[in-house]
Amino acid sequence: MRAHIEELIHQALGYLKRDGDLPRDIEPAFQIDRPRDPSHGDYACNVALVLAKAAGRKPREIAEAVAARLPDSKRIARVEIAGPGFLNFHASDHHLRCVVREALADGPAFGHQPAGRRGDVLAEFVSANPTGPLHVGHGRGAAYGASVSAVLEAAGHVVKREYYVNDYGRQMDILAVSVWLRYLELCGEKPRFPDNGYRGEYIYDIARQVRSRHGDDLRFSGATVAEGLPADESEGGDKEKHIDALVQRARDLLGEDGYEACFQTALETMLDDIRGDLEDFGVVFDRWFSERELERSGALERAIAKLDAGGWLYEEQGAKWFKSSELGDDKDRVVVRENGRTTYFASDVAYMLDKLERCSGQLLYIFGADHHGYVPRLKAAARGLGENPDRLEFQLVQFAVLYRGGEKIQMSTRSGEFTTLRDLREEVGSDAARYFYVMRSHDQHLDFDLDLAKSRANENPVYYIQYAHARIHSIFRQLEGKGYKHNASIGDAALKRLTEPQERALMQAIGRWPEVIDSAARRRAPHDLAHALHELASMFHTCYNAVPVLVDDEDLRNARLNLARAVAEVLAGGLKLIGVSAPEQM
RNA sequence: GCCCCGGUAGCUCAGCGGAUAGAGCAGCCGCCUCCUAAGCGGCAGGUCGCAGGUUCGACUCCUGCCCGGGGCACCA
């Protein structure tokens, strides 16, 4: 509809230019808005206001000239000039009926664009280190990433979703050692646990697995493990030096196979846990991309070589540095450390190169807000690889803070006292969690009210929307009980009978839906969907209370059933995009 | 100090440069012999942090300041 109006205006402008009523060389960047006030029509255009200066005429005068030359359209009932010179378009009843027909015909795909109409997008999100279960912060990234991917797809993009698995770095070694030490405890040893180790209860679970597979084969005395290690932080030393030495000690004592046993068990257990957790959350990936694989496949080396070939690397103090400061970053970054190991940043560059080669369109990075410092260095890396940095897009997801009983729930990863995503899902349910995570703009801090999310009352927006959907299905169940059958063609022929203001409001809201999807995709803003769905649900509840559907008049009844069905399609389709179920009964 | 996000109703937040700034919750008043009251209707509630600037027009864009949250590493 919006495109249709745009076309009408362009035609009118063409006539005016041809007749010399407007300068020929102007191409006004006008907008077509949805006015808030219904008396301002369904669409409003500011073309006259934009044109006023260039044309040297009053806005209202131009508005009248444009209005006079607008071609007739079956979808437009009338055009008015209002305020300082807005053109207000009122959609015709014919248009409203078309909208209902389209929603019924397209079902859950109503408002979607054909796949491939817009460019490819490779979205990377969550990508949490597999060193522990996902916590509620990851949950927001997961919910946002999944929802924004779905809405991009609906808007015609071809989207690939990836999870980057950091299975190569130092943190994984620390995890492996933490598991080993807990394993030793299970064997009856009393090794000292490092300040920097992972302390969560889940480490014992993994250690038990190691023990059941390997018995006492990996057992060493606590004294042997600790012998000659540099002091830990709480002993007055450096926790980093301590843990690195401890990792080395583990490798020496266990040998490659023994160490791998701890490492692999930890990695696989954590990945299975994360994968299952996300699946239960309705978040699925096309690919789990392993950092280790970058090393094995030579991609890491190739990326470094490419930066080098571009003249962007230099050596200093035994390390290889990337001249990112010359490419927009605050400072240079190390890619190969003095000890010969590559940095995480090097892996990031290699992964980026791989993605750029696999995807012709945008690379969408969805990061936690704490990673905002990555943006300039990754853009610098893209430049260093000879790629256009505009192909990288970053969306930063701000933190979520949980509240229970009005109290903030404190979290600390180190101590292992954090709320996991799984805990959250079990407490409030996946639907509420998905909805609450995306109901606010992702670049806003989120206060997540657990009590509200759990509430099964009208104050909970999730249930409010789901209830609207369930109510519609309830009507159809009642229909049969009354001995009626829904006849969609009778309803279609009788759509003219839908004249109640609440019915018209519903039709208008359905008509807006394709624009909501389009705008939400452009703005990377799935919260727009949450708002639009809430609004549609509200309109339905209003209509439901004011206008009975199951009336004796067959034409009217079927027309109302068609409308109700159309509303249900939009609700179900929209909820699906944000990963919330649309129950038929509650 | 530098960087990121924010400051809109009592609370949590919408608001793509446009018309009289919206919603939910909380508060108050009403509505179930009627398709689910997990609902609906109504009332009340605002110096859009402050000061400049750009614009025909600023909650929206720019600058400065104030206040809150977060981030700074040869950690990940």
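B:C50 and B:G7 have their C1' atoms separated by 11 Å, with the value rounded to a whole Å. Comparing the same atom, C1', in B:U54 and in B:C62 gives a spacing of 7 Å after rounding to whole Å. Comparing the P positions of B:A14 and B:C5 gives a spacing of 14 Å, expressed to the nearest Å. Across the C1' atoms, B:U12 and B:G17 are found 27 Å apart, a figure rounded to whole Å. B:A9 and B:C25 are spaced 12 Å apart, taking the C1' atom of each and rounding to whole Å. Taking atom C1' on both B:C32 and B:G69, the two are 46 Å apart, rounded to the nearest angstrom. As rounded to the nearest Å, B:C59 and B:A19 have C1' atoms that lie 15 Å from one another. Annotation: B:C48 and B:G6 have their C1' atoms spaced 14 Å apart (nearest Å).
Near RNA chain B, defined here as any heavy-atom distance below 4.0 Å, the residues from residues 537-552 of chain A are A:His541, A:Thr542, A:Tyr544, A:Asn545, A:Val547, A:Pro548, A:Val549, A:Leu550, listed numerically.
When rounded to the nearest whole Å, the span between OH of A:Tyr464 and P of B:A23 equals 12 Å. The interatomic distance linking A:Asn46 (CG) with B:C16 (P) rounds to 14 Å, in whole Å. Straight-line distance from the CD atom of A:Gln395 to the C1' atom of B:C4: 13 Å, rounded to whole Å. The nearest whole Å value for the distance from the CD1 atom in A:Ile472 to the P atom in B:A38 is 17 Å. We find that CD of A:Glu584 is positioned 15 Å from C1' of B:U36, with the value rounded to whole Å. The interatomic distance linking A:His138 (NE2) with B:A76 (P) rounds to 16 Å, in whole Å. For A:His372 and B:G71, the NE2 to P distance is 10 Å, given to the nearest whole Å. Atom OH of A:Tyr463 is separated from atom C1' of B:A37 by 17 Å (rounded to the nearest Å).
In terms of the side-chain contact (heavy atoms from CB on, under 4.5 Å) criterion, residue partners of A:Asp273 (sequence neighbours excluded) are, by chain and number, A:Pro133, A:Met270, A:Arg422. Judged as a side-chain hydrogen bond (donor to acceptor under 3.5 Å, both in side chains), and not counting sequence neighbours, A:Arg60 has no contacts. Residues passing the side-chain contact (heavy atoms from CB on, under 4.5 Å) test with A:Ala266, sequence neighbours excluded: A:Leu175, A:Val179, A:Ile206. For A:Tyr164, the ring-ring contact (aromatic ring centres under 6.0 Å, His included) partners two or more places apart in sequence, or in a different chain, are A:Tyr351. Partners of A:Arg341 according to the side-chain hydrogen bond (donor to acceptor under 3.5 Å, both in side chains) rule, which considers only residues two or more places apart in sequence or in another chain, do not exist here. The side-chain hydrogen bond (donor to acceptor under 3.5 Å, both in side chains) check on A:Asp552 picks up A:Tyr484, with sequence neighbours excluded. Partners of A:Ser290 by side-chain hydrogen bond (donor to acceptor under 3.5 Å, both in side chains), not counting sequence neighbours, listed by chain and number: A:Asp167. Partners of A:Leu452 under the side-chain contact (heavy atoms from CB on, under 4.5 Å) rule, at least two apart in sequence or in another chain, are A:Phe436, A:Asp449, A:Glu459.
Between the base of B:A76 and the side chain of A:Asp370 there is no donor-acceptor pair shorter than 3.5 Å.
Within the nucleic acid shown, A:Ala525 has no heavy atom closer than 4.0 Å to any nucleic acid atom. Within the nucleic acid shown, A:Ala470 comes within 4.0 Å of at least one base atom, counting heavy atoms only. Across all strands, A:Thr131 comes closer than 4.0 Å to no nucleic acid atom at all (heavy-atom distances).
Taking 90° from 0 as the syn/anti boundary, the base of B:C32 is oriented syn.
A:Tyr544 and A:Gln502 are not linked by any side-chain donor-acceptor pair at a separation below 3.5 angstrom, with hydrogens and angles left out of the test.
Checking the phosphate oxygens (OP1, OP2) of B:A37, a side-chain nitrogen or oxygen of A:Arg471 falls inside 4.0 Å. Residue A:His371 places no side-chain N or O under 4.0 Å from the OP1 or OP2 atom of B:G70.
With centres under 5.5 Å and a plane angle under 30°, the ring of A:Phe86 is stacked against the base of B:A19.
Along RNA chain B, the nucleotide nearest to A:Phe476 and the one nearest to A:Cys45 differ in position, and the one closer to the 5' end is contacted by A:Cys45. Of the two residues near RNA chain B, A:Ser474 and A:Asp447, the one whose nearest nucleotide lies more 5' is A:Asp447.
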Restricting to nitrogen or oxygen on both sides, can you table the protein-nucleotides 5-7 of chain B pairs closer than 3.5 Å?
unit_1, atom_1, unit_2, atom_2, d
B:C5, O4', A:Gln398, NE2, 3.4
B:C5, O2', A:Asp443, O, 2.7

Could you list all N or O pairs between the protein and nucleotides 73-75 of chain B that sit under 3.5 Å apart?
unit_1, atom_1, unit_2, atom_2, d
B:A73, OP1, A:Lys331, NZ, 2.8
B:C74, N4, A:Gln317, OE1, 3.4
B:C75, OP2, A:Arg337, NH1, 3.3
B:C75, O2', A:Arg170, NH1, 3.0

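Between the side chain of A:Arg377 and the main chain of A:Ser324, no donor-acceptor pair closer than 3.5 Å is present. A:Asn562 places a side-chain N or O within donor-acceptor distance of the main-chain N or O of A:Ala488, the cut-off being under 3.5 Å. A:Asn46 places no side-chain N or O within donor-acceptor distance of the main-chain N or O of A:Leu49, the cut-off being under 3.5 Å.
Residue A:Tyr467 places its side chain closer to B:A38 than to any other of B:A19, B:A23, B:A38.
Ring centroids of A:His138 and A:His135 are separated by less than 6.0 Å, placing the two rings close together. The six-membered or imidazole ring of A:His541 lies near that of A:Tyr467, with a centre-to-centre distance under 6.0 Å. If you look at A:Tyr437 and A:Phe448, their ring centroids are closer than 6.0 Å.
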Dot-bracket for RNA chain B, please. Rules: Watson-Crick or G-U, both distances under 3.5 Å, ( ) within the strand, [ ] when a pair crosses earlier ones, | for another strand, . otherwise. (((((((..((((....[...)))).(((((.......))))).....(((((..]....))))))))))))....

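Among A:Tyr314, A:Phe322, A:Trp312, the single residue meeting the side chain to side chain contact (heavy atoms under 4.5 Å, CB included) criterion with A:Asp332 is A:Tyr314.
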